[in-house]
There are 2 protein chains.
Amino acid sequence: MVEDSWTIPDVAVAVDLAVLTVRDEALQIMLVERGIEPYAGMLALPGGFLFDDAEDIDVAAARELSEETGLTPAVLHLEQLRTYGAPGRDPRRRVISICYLAFVPDLPDPVAGGDARRAAWTPVKKALEGSAEVAFDHVRIIQDAVERARSKIEYTTLAASFCPAEFTMTDLRRIYEIIWGQQLDPRNFHRKITSVTDFLVPTGERTTRYGGRPAALYRCGPATLLHPALLRAR
Amino acid sequence: MVEDSWTIPDVAVAVDLAVLTVRDEALQIMLVERGIEPYAGMLALPGGFLFDDAEDIDVAAARELSEETGLTPAVLHLEQLRTYGAPGRDPRRRVISICYLAFVPDLPDPVAGGDARRAAWTPVKKALEGSAEVAFDHVRIIQDAVERARSKIEYTTLAASFCPAEFTMTDLRRIYEIIWGQQLDPRNFHRKITSVTDFLVPTGERTTRYGGRPAALYRCGPATLLHPALLRAR
DNA sequence: CCAAAAGTGTTCACCGTACACCCATGT
DNA sequence: ACATGGGTGTACGGTGAACACTTTTGG
């Protein structure tokens, strides 16, 4: 860190969120419709400029997430993704955007923001293939978020943060299949997951919602890392 | 991104570097001695406030790296590490620091900075164990940098960026051993590395600098990812 | 009874580890 | 000759992929 503070230009710092969920058999991302120029009417990541001069950026991200989802941030997974600072990414002025990645379960309600803005789920496929109009450099950010999610669930238990409190082995497998875009063998998947100590804790309950033999229900255990890792085919 | 630009507080944006090298059988990090308060006389990561209003943050980091090392940034590995923005991390004012991680070979000369500041190599062990006085929250940043380096060389060819242009298999193995802090079997290491296509290209030359049978010299090939990964023991 | 989903057991190929062994140099 | 480091061959144990097979429900 250098001492020439006299050269500091006028830079705005924003905290943006890439909130992912699995919904309707697809990986979806939370986007808000912009009300004003630039990019009015287009979709953008939820977020805002750094609010309080004494607020930690991690805390600011958690607050935003809570506002947008209506959920308490404690239970949700939130991690810093990357910072984007290309000049011209916002046509109004220089904006440095610190982006966070969050995984949330399929929420019962599509969520109305804490303030009046509308937040809605958009399939990642639509956002990336251009059939949804995405503002700023947010397509690039969504790409990075998805890639991070894909690799993160390989070696952590975070796939379970896309599931409700109780879920079946098949629920969890579907999460993997949807995020990775590939089929997994249900039998080998079952064995691999149960071999990870403290990942899934059986509740004793069973459900028969998919027809066929009833499946055991699980809750998340204390494990956070997958040993051994569950690798996707490349 | 939200529209209420009227709440933007006065925030300074810094770009800092965690430059790692392997030198004297140890992982070392480039630190500069601070000339002024706060933390005058203590060591800190090289870096500076965002210089040019039209300069990309990635470019700013590359420029800093070039200034500090005297090397052209093109050949060096440089990636964004994380952004640190806790309030109070700089006692003077709110500073958001975007940190970059660089891997450089053991430079012939300990490097005098582009401007007059002195940059020097400090063993990471000293910086982390407190026998070197490190300013701000930079100990935490160094921890993150080292952990990133340790895991990065597991699945990429980046360990070679710590080596000079031509190197032996043993040179490369020493890099791994020093960064991971564990011994590796030279014979299995040799076979694993040579089995990765396009990683190492033999120059045809041999060296006998360590005594014993002369070792083949290699250059880096075009490969960037290790398939299969080279995992450290845990 | 049959379909469908859950869950178990078994086979087989491959990969990492450990280590015996041979090669090529300096002294 | 022998010490030193470079490099190859091989045996063995563990893991992942594939898949046959059994279990438990609904229709």
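We name chains A, B, ... by the order of the sequence lines, and we start the count at 1 in each one.
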What is the distance, to the nearest angstrom, from the [atom1] atom on [X] to the [atom2] atom on [N]?
{"X": "B/Arg187", "N": "D/dA11", "atom1": "CZ", "atom2": "P", "answer": "16 Å"}
{"X": "B/Arg206", "N": "C/dT25", "atom1": "CZ", "atom2": "P", "answer": "8 Å"}
{"X": "B/Leu200", "N": "D/dG6", "atom1": "CG", "atom2": "C1'", "answer": "15 Å"}
{"X": "A/Leu230", "N": "D/dA17", "atom1": "CG", "atom2": "C1'", "answer": "13 Å"}
{"X": "A/Arg213", "N": "D/dT24", "atom1": "CZ", "atom2": "P", "answer": "6 Å"}
{"X": "B/Leu217", "N": "D/dG5", "atom1": "CG", "atom2": "P", "answer": "17 Å"}
{"X": "A/Glu177", "N": "C/dA5", "atom1": "CD", "atom2": "P", "answer": "12 Å"}
{"X": "B/Asn188", "N": "C/dA20", "atom1": "CG", "atom2": "P", "answer": "13 Å"}

In terms of the nearest nucleotide of DNA chain D, which residue is placed more toward the 5' end: A/Lys192 or A/Gly212? A/Lys192
Comparing B/Tyr218 and A/Leu231 on DNA chain D - which has the more 5′ nearest nucleotide: B/Tyr218
Can you work out whether A/Arg191 or A/Pro214 has the more 5'-proximal nearest nucleotide on DNA chain C? A/Pro214
Between A/Glu154 and A/Lys192, does any NZ, NE, NH1 or NH2 come within less than 4.0 Å of an OD or OE carboxylate oxygen? no
Assess, by modelled atom type and distance only, whether the side chains of B/Tyr84 and B/Asp144 contain a donor and an acceptor separated by less than 3.5 Å. yes
Does the side chain of A/Asp171 pick up a donor-acceptor pair with the side chain of A/Tyr218 at under 3.5 Å? no
Does OP1 or OP2 of C/dA6 have a side-chain N or O of A/Thr170 closer than 4.0 Å? yes
Tell me whether the OP1 or OP2 atom of D/dG6 has a side-chain N or O from B/His190 closer than 4.0 Å. no
Regarding A/Pro228, tell me which of base, sugar-phosphate or nothing describes its non-hydrogen contacts under 4.0 Å with the strands shown. sugar-phosphate
Quick check on B/Gln80: does its CD atom have over 12 non-hydrogen neighbours (other residues, nucleotides or ligands) under 6.0 Å away? yes
Do the two ring centres, one from B/Tyr176 and one from B/Phe189, sit under 6.0 Å apart? yes
